[in-house]
**Student:** 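Before I ask anything, let me first share the structure, which is written out below as structure tokens.
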Amino acid sequence: MKKYSITDVRNVALVSHGGAGKTSVAEAMLFDAGAIDRLGKTTDGNATMDHDAEEIRRQVSINASLAPIEWQGVKINLVDTPGYFDFVAEVKSSLRVVDSVIVVVDAVSGVEVGTELVWKYADENNLPRLVLITKMDRENANFEKCLSGLRSAFGRQLVPVTLPVGAEAGFRGVIDLLGEKVLTWEEGKGRDPKAEPLDGEQAAQAASAREALVEAAAETDDELTMKYLDGQPLTPEELTKGLRAGVASGKLVPVLCASGLRNVGIQPLLDIIRLAAPCPADRPPARGKNPKTGADEERPPADSAPFSAFVFKTMADPYVGRLTLFRVYSGTVASNTQVYNSTRGQTERMGQLLVIRGKQQEPVDKVGAGDLGAVAKLQETSTGDTLCDEAHPIGYPPTEFPKPVFQVSVQPKSKGDEEKISLALARLREEDPTITTRKETGTGEIILSGMGELHLGVATERMKRKFGVDVILKTPKVPYKETIRKTVKAEGKFKRQSGGRGQYGHVWVEYSPEPNEEFIFEENIFGGSVPRQYIPAVEKGLREAKDQGVLAGYPVTNFKASLYDGSYHDVDSSEMAFKIAASMSFKKGIIDAGPVLLEPIVSVAVLIPDSYMGDVIGDLNRKRGRILGMEPEGAMQQVRALVPLAEMFTYAIDLRSMTHGRGTFSMEFDHYEEVPGNIAQTIIEKHQAEKKDEQ
């Protein structure tokens with residue numbers, strides 16, 4: 001691929017609600033531009049962008065895929081993003097490195113939850129956008145209704161630049177309002193549309209729509225506005241200039257219509273990207289901080305500036321190992337050169353630079369300002385890192401991802417795979433920043449957290465395919481704890497005589513509640529009733545015993561143990577005997593000290609549209625939650641509550657169902673509190689039944 005100047009580069013992401021047809025549109029764009037020789041389909045498993053084994057099996061986009069297209073002297077770096085909520089990290093990463101987005105909307109379904117979300121993400125990144133109403137060939141497809149819904153949701157600045165010719169199964173082309181012509185496509189001839197002048201009914205239909213387009217373009221520039229108000233026609237160059245300015249400022253959002261699957265109406269989309277989408281030079285300089293001085297710095301989008309790049313994706317490639325995808329914000333980088341990772345404070349060697357097209361990789365000598373590239377086998381670099389010239393260091397802020405909200409317990413199918421699981425999970429975390437893992441100390445389980453059931457299902461399939469680790473996913477156990485409510489004294493005496501030297505240890509320990517500390521051990525021995533050399537053994541016995549409570553086997557917390565008396569034997573006493581005696585005292589004492597079960601309580605913040613407030617609060621109350629308050633946050637409402645963790649394991653699914661995907665939430669551990677009596681009884685009975693089964 002030849003080298004393009006920065007003004008001839010367009011970085012564009014396809015975004016939408018799941019199932020709107022982005023990948024079919026991407027496939028048609030690649031085909032029309034000559035990047036591929038045949039149109040693939042997601043249903044056939046041969047689409048260029050959906051090449052991952054899980055994407056082929058599930059027939060949905062899971063990863064953001066990159067492909068460069070050359071169209072009439074312009075290079076379009078096309079990023080096809082997933083549409084399902086579970087893979088939001090891929091969308092957010094991609095929107096950090098593009099200069100505009102194409103919001104793809106299903107002509108039948110219109111504005112959906114995912115449409116609202118990606119529009120919000122585009123707002124957060126201050127990205128200009130185009131809208132493509134696709135699937136125009138489907139039954140009940142309605143361009144006008146869809147456009148009306150878009151304008152209601154996002155404003156009157158949405159202006160058509162193409163109109164449909166034919167409807168539903170009869171959809172065969174578009175009216176090109178910029179070129180003032182009709183383009184129609186015969187089946188199987190997507191690269192060669194038939195162009196005809198406007199006449200008759202089509203001319204009348206186009207007149208008012210073109211007038212609206214010209215007016216919107218003229219409003220972006222004072223000179224064009226005066227010319228338009230004077231009744232003078234705008235030249236094609238002036239119309240393009242106004243259109244480009246309107247898109248860049250967000251005052252104008254071009255709307256097009258197409259069928260990706262039948263490859264109808266795709267070429268006008270490529271044309272509008274070339275004419276109206278901003279190039280990297282149109283965007284503001286990249287802002288970051290000097291890691292050595294902490295000062296704010298900028299990098300202009302120019303090849304002459306010091307090199308800086310942002311890593312937006314890391315993936316494990318079966319052939320080349322770890323593959324790092326990056327955007328160059330300033331300067332250029334060449335193959336086989338040294339760069340500085342300012343995030344890690346490490347120097348990295350860039351090997352052979354690559355351009356990615358789906359699963360194909362094309363070697364290139366250098367990647368310039370504004371362009372996207374890839375490199376294999378970087379040792380220290382991860383998603384969100386900044387690469388730069390060491391003499392001119394800069395660090396760009398990492399992408400902010402939502403916190404994971406869905407948890408499962410991961411268990412190996414085969415014994416001895418625990419170490420392999422740890423390595424595989426570490427590799428998954430490198431690829432996907434919304435995956436986290438931890439070992440739950442209270443239960444010993446490995447907890448895998450992500451954005452939803454589908455997300456973690458795909459992650460574990462990847463573990464099996466890429467790393468050979470097969471796992472079972474289960475609902476996590478709740479890390480309950482036990483504590484005491486009364487102060488008691490308990491004796492523990494261990495005495496054994498079986499010929500020869502015996503074993504003797506004898507202690508008296510006082511157990512009392514200690515709300516502010518997990519465990520305190522005190523030694524209050526007077527007169528040497530327990531020799532000093534055995535006191536550490538008593539403490540060790542108590543520390544080990546407290547990990548298995550008397551009610552349901554959960555760790556005992558928030559208590560003080562004071563060793564105040566005991567006895568010993570000159571010959572038979574030993575550390576082991578005193579350790580066992582301490583354990584015996586613990587079991588007796590805790591039973592008498594009014595033991596109770598404690599459960600973890602999490603602080604939950606739920607962000608929802610106002611119309612779902614009643615349903616969400618009612619559901620939180622059913623989950624034994626305590627509502628702390630409600631407050632507006634923009635156009636949404638935030639509900640804050642304290643809820644038992646035991647009720648929250650499937651909340652990601654519940655909330656999505658209740659709010660049709662419009663609600664989001666975050667939660668974090670807050671404190672432990674006593675489990676209600678009836679629930680505690682159920683937990684204790686379950687533990688006793690499991691214990692009996694083990695015996």
Side-chain angles (χ1 to χ4, degrees), residues 440-444 477-495 504-526 529-530 534-568 575-601 624 644-646 669-692 694:
E440 183 62 71
T441 51
T443 63
K477 294 175 184 173
V478 180
Y480 293 108
K481 290 183 179 180
E482 300 179 20
T483 194
I484 57 174
R485 289 286 178 257
K486 295 190 294 186
T487 299
V488 298
K489 296 176 179 179
E491 180 187 28
K493 181 182 280 190
F494 179 65
K495 185 177 180 182
Y504 184 88
H506 177 216
V507 295
W508 277 94
V509 182
E510 180 181 86
Y511 300 94
S512 57
E514 186 64 44
N516 300 318
E517 295 286 342
E518 275 194 24
F519 172 62
I520 295 176
F521 174 74
E522 278 186 359
E523 173 263 306
N524 295 314
I525 293 294
F526 295 99
S529 56
V530 176
Y534 297 133
I535 290 172
V538 174
E539 181 179 357
K540 188 175 181 183
L542 292 171
R543 286 191 179 277
E544 289 181 5
K546 77 180 181 65
D547 290 339
Q548 285 281 326
V550 297
L551 288 177
Y554 292 102
V556 182
T557 188
N558 299 117
F559 74 102
K560 180 167 73 174
S562 300
L563 173 65
Y564 69 92
D565 201 359
S567 63
Y568 70 101
E575 288 186 0
M576 179 60 71
F578 273 97
K579 182 179 165 186
I580 295 170
S583 174
M584 292 166 70
S585 163
F586 175 85
K587 286 171 183 171
K588 282 183 198 172
I590 296 300
I591 287 174
D592 295 335
V596 291
L597 268 181
L598 301 176
E599 65 180 341
I601 304 297
R624 300 190 285 128
L645 176 64
F669 171 76
D670 193 86
H671 67 281
Y672 270 85
E673 66 181 45
E674 190 172 335
V675 181
N678 59 328
I679 296 172
Q681 191 57 40
T682 304
I683 295 166
I684 293 165
E685 287 171 1
K686 184 181 175 186
H687 169 71
Q688 289 170 346
E690 286 173 355
K691 204 170 179 183
K692 194 178 287 184
E694 286 172 9

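FYI, the numbering just counts along the sequence from 1.
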**Student:** Excluding sequence neighbours, so at least two apart, what forms salt bridge (charged side-chain N to carboxylate O under 4.0 Å, His left out) with Glu518?
**Tutor:** none
**Student:** List in chain and number order the residues that pass ring-ring contact (aromatic ring centres under 6.0 Å, His included) with Tyr504, two or more places apart in sequence or in another chain; answer none if no residue qualifies.
**Tutor:** none
**Student:** Tell me every residue that passes side-chain hydrogen bond (donor to acceptor under 3.5 Å, both in side chains) with Glu599, counting only those two or more places apart in sequence or in another chain.
**Tutor:** Arg624
**Student:** Short question: side chain of Glu482, backbone of Gly553 - any donor-acceptor pair under 3.5 Å?
**Tutor:** yes
**Student:** Quick one: list whatever passes side-chain hydrogen bond (donor to acceptor under 3.5 Å, both in side chains) with Tyr568, sequence neighbours left out.
**Tutor:** none
**Student:** Quick one: pull up OG1 in Thr483 and CG in Leu551 and give me the separation to the nearest 0.5 Å.
**Tutor:** 10.5 Å
**Student:** If the condition is side-chain hydrogen bond (donor to acceptor under 3.5 Å, both in side chains), which residues does Glu575 pass it with, not counting sequence neighbours?
**Tutor:** none
**Student:** Could you list the donor-acceptor pairs under 3.5 angstrom formed between side-chain atoms of residues 487-495 and any protein atom two or more places apart in sequence or on another chain?
**Tutor:**
| unit_1 | atom_1 | unit_2 | atom_2 | d |
| --- | --- | --- | --- | --- |
| Glu491 | OE2 | His506 | NE2 | 2.6 |

**Student:** Who pairs with Asp565 by side-chain hydrogen bond (donor to acceptor under 3.5 Å, both in side chains), at least two apart in sequence or on another chain?
**Tutor:** Ser529
**Student:** Scan residues 583-598 for pairs that pass side-chain hydrogen bond (donor to acceptor under 3.5 Å, both in side chains), counting only residues two or more places apart or in two chains.
**Tutor:** Tyr511-Ser585
**Student:** In the structure I gave you, are the side-chain heavy atoms of Ile683 and His687 within less than 4.5 Å of one another anywhere?
**Tutor:** no
**Student:** So, using salt bridge (charged side-chain N to carboxylate O under 4.0 Å, His left out) as the criterion, who are the partners of Glu685 when residues are at least two apart?
**Tutor:** none
**Student:** Would you confirm whether Asn558, through its side chain, and Glu517, through its main-chain N or O, come within 3.5 Å as a donor-acceptor pair?
**Tutor:** yes
**Student:** Which residue pairs pass the side-chain hydrogen bond (donor to acceptor under 3.5 Å, both in side chains) test when at least one of the two sits in residues 540-554, sequence neighbours left out?
**Tutor:** Glu539-Arg543, Glu544-Lys579
**Student:** Which residues satisfy the side chain to side chain contact (heavy atoms under 4.5 Å, CB included) test with Ile591, sequence neighbours excluded?
**Tutor:** Val550
